[in-house]
Number of protein chains: 2
Amino acid sequence: MENEKCEYLCVHEDTVKKVINDMPEEEKLYDLAELFKIFGDSTRIKILYALFEAELCVCDIAQLLNVSQTAVSHQLRVLKTNKLVKCRKEGKNVFYSLADDHVCSIINQGMDHINE
Amino acid sequence: MENEKCEYLCVHEDTVKKVINDMPEEEKLYDLAELFKIFGDSTRIKILYALFEAELCVCDIAQLLNVSQTAVSHQLRVLKTNKLVKCRKEGKNVFYSLADDHVCSIINQGMDHINE
DNA sequence: CTCTCATATGTTTATCTGTTCATATGATAC
DNA sequence: GTATCATATGAACAGATAAACATATGAGAG
């Protein structure tokens with residue numbers, strides 16, 4: 001914020017103005033970063049991937065991924081708070097599944113990028 | 001990892017086996033998380049969004065987003081290392097642009113999720 | 001009621017990450 | 001050569017965060 005010298009000398013002001021106009025609001029961009037942050041953890045990605053196939057209970061997920069139950073529970077909470085998974089209680093068990101198709105498509109899109 | 005009691009009691013073993021079979025390798029999942037981690041920062045998202053429109057030099061990006069030149073430079077390095085942006089030198093200036101279309105589509109997909 | 005099991009939650013700790021500050025590089029102008 | 005400007009880099013500090021541990025809740029079985 002110290003650099004007071006360069007007053008858009010390098011590019012045309014019009015370009016800069018256009019960019020500013022077309023940028024989503026600050027808050028949207030913040031929310032978007034928050035969303036990606038959720039995907040940015042391998043434990044959470046693994047959980048989501050596991051749920052691609054089937055709804056699973058906490059204990060199964062933990063064993064499947066070889067992660068402690070506590071860790072899974074904490075991460076499931078994060079995923080649930082951010083509406084990426086939903087859950088259904090059945091007796092002592094809680095079954096989790098993906099909240100919607102966007103979750104799949106975002107992950108697949110990311111995977112495409114990795115695989116090229 | 002302490003929970004030795006629950007041995008896949010809750011769901012059928014077949015489901016669990018199917019899930020295990022269809023899971024990508026550990027390393028792929030890790031890379032995927034790493035990719036999303038890059039998008040999981042509002043400064044970087046802002047930079048990428050700014051580059052949707054046009055190629056821009058470091059100083060312009062900094063002013064545009066009201067972030068210090070140093071911070072932008074650091075983040076551009078992260079983006080470049082991870083092949084999300086590319087750069088072109090021209091005299092004193094370095095112009096950055098998006099590396100490929102995947103970047104756009106991943107971000108747009110995320111934005112769709114936000115906007116519903 | 002008590003006991004057990006599945007899950008959740010609070011707290012602490014260790015690690016990671018983004019920003020700032022100071023400084024270095026590299027290019028142009030003089 | 002020196003001065004200036006754009007960018008990059010290294011180090012340090014502050015805030016975020018994921019995991020581990022201990023503990024709590026809540027449901028079913030007896």
Side-chain angles (χ1 to χ4, degrees), chain A residues 1-11 29-30 33-48 55-82 85-97, chain B residues 1-11 29-30 33-48 55-82 85-97:
Chain A
M1 241 74 72
E2 65 300 321
N3 202 341
E4 301 297 351
K5 298 291 176 54
C6 171
E7 295 282 351
Y8 299 137
L9 295 179
C10 340
V11 220
L29 292 169
Y30 187 80
E34 286 303 302
L35 175 67
F36 284 123
K37 209 174 282 180
I38 309 295
F39 290 97
D41 175 82
S42 57
T43 302
R44 285 193 292 266
I45 283 281
K46 283 182 202 169
I47 293 177
L48 292 172
E55 88 176 349
L56 293 168
C57 72
V58 179
C59 148
D60 284 333
I61 299 173
Q63 298 231 0
L64 209 73
L65 308 181
N66 200 34
V67 177
S68 75
Q69 177 269 317
T70 311
V72 171
S73 199
H74 274 296
Q75 298 303 349
L76 281 170
R77 189 152 88 104
V78 174
L79 292 170
K80 189 159 178 260
T81 304
N82 289 275
V85 302
K86 55 180 192 274
C87 68
R88 175 178 70 81
K89 299 190 189 193
E90 192 179 307
K92 283 185 292 184
N93 294 315
V94 181
F95 290 90
Y96 283 85
S97 55
Chain B
M1 244 70 75
E2 66 299 318
N3 202 341
E4 300 296 350
K5 296 291 177 52
C6 173
E7 295 281 352
Y8 300 136
L9 295 179
C10 339
V11 219
L29 292 170
Y30 187 81
E34 286 304 300
L35 176 67
F36 284 124
K37 210 172 281 179
I38 309 295
F39 291 96
D41 174 82
S42 56
T43 302
R44 284 192 292 264
I45 283 282
K46 284 182 201 169
I47 293 177
L48 292 173
E55 88 175 351
L56 292 168
C57 71
V58 180
C59 147
D60 284 334
I61 299 173
Q63 298 229 1
L64 209 73
L65 309 182
N66 201 36
V67 176
S68 74
Q69 177 268 317
T70 313
V72 171
S73 199
H74 275 297
Q75 297 304 350
L76 281 170
R77 189 151 87 105
V78 174
L79 292 170
K80 188 157 177 263
T81 305
N82 288 276
V85 302
K86 55 179 191 272
C87 68
R88 176 177 69 82
K89 302 191 186 192
E90 191 180 310
K92 282 186 293 184
N93 295 314
V94 181
F95 290 90
Y96 282 84
S97 55

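Below, each value reflects all heavy atoms present in this structure, side chains not excepted, and no hydrogens, waters or symmetry copies. Protein chains get the first letters and strands the later ones, always in sequence-line order, with residue 1 at the start of each. Bear in mind the structure is a predicted one, so any value in this text is a computation, not a measurement.
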Look at the side-chain N and O atoms of B:Asn93 and state whether any lies under 4.0 Å from the OP1 or OP2 oxygen of C:dA27. no
Hey, does the side chain of A:Arg77 come within less than 4.0 Å of C:dA8's phosphate (OP1/OP2), counting only N and O? no
Using the side-chain contact (heavy atoms from CB on, under 4.5 Å) criterion, which residues pair with A:Ser73? Sequence neighbours excluded. A:Gln69
Applying side-chain contact (heavy atoms from CB on, under 4.5 Å), name anything that partners A:Arg88, two or more places apart in sequence or on another chain. A:Glu55, A:Glu90, A:Phe95
d(B:Thr43 OG1, A:Tyr30 OH) to nearest 0.5 Å is 10.5 Å
Listed partners of B:Lys86 passing side-chain contact (heavy atoms from CB on, under 4.5 Å), at least two apart: B:Ser97
Can you check the B:Leu65 CG to C:dT19 C1' distance for me, whole Å? 15 Å
Atom pairs, protein N/O to nucleotides 15-19 of chain D N/O, distance under 3.5 Å:
{"unit_1": "D:dA18", "atom_1": "OP1", "unit_2": "A:Arg44", "atom_2": "NH2", "d": "3.0"}
{"unit_1": "D:dA18", "atom_1": "OP2", "unit_2": "A:Arg44", "atom_2": "NH1", "d": "3.3"}
{"unit_1": "D:dA19", "atom_1": "OP1", "unit_2": "A:Thr43", "atom_2": "OG1", "d": "2.8"}
{"unit_1": "D:dA19", "atom_1": "OP2", "unit_2": "A:Gln75", "atom_2": "NE2", "d": "2.8"}

Measure the distance from CD1 on B:Ile61 to P on C:dT19 and round it to the nearest whole Å. 14 Å
Rounding to an integer number of Å, can you tell me how far A:Asn66 CG sits from D:dA20 C1'? 15 Å
Tell me: CD of A:Gln69 to P of D:dA22, nearest whole Å? 14 Å
Relative to each other, are the rings of B:Phe36 and A:Phe39 parallel, tilted or perpendicular (30° and 60° limits)? tilted
Which residues pass the side-chain contact (heavy atoms from CB on, under 4.5 Å) test with B:Lys92, sequence neighbours left out? none
Under 4.0 Å between a side-chain N or O of A:Tyr96 and OP1 or OP2 of C:dA6? no
Step by step, work out the side-chain contact (heavy atoms from CB on, under 4.5 Å) result for A:Tyr96 and A:Leu56. CA-CA 5 Å; A:Tyr96 283 85; A:Leu56 293 168; over 6 Å; no
Measure from CG on A:Leu76 to P on C:dT9 and round the result to the nearest Å. 11 Å
Between the protein and nucleotides 23-30 of chain D, list every N/O to N/O distance that falls short of 3.5 Å.
none

Quick check: do A:Glu34 and A:Ile38 have side-chain heavy atoms less than 4.5 Å from each other? no
Here the gap from A:Gln63 atom CD to A:Cys57 atom SG, rounded to the nearest 0.5 Å, amounts to 9.0 Å
Between C1' of C:dT9 and NZ of A:Lys80, the distance in whole Å: 14 Å
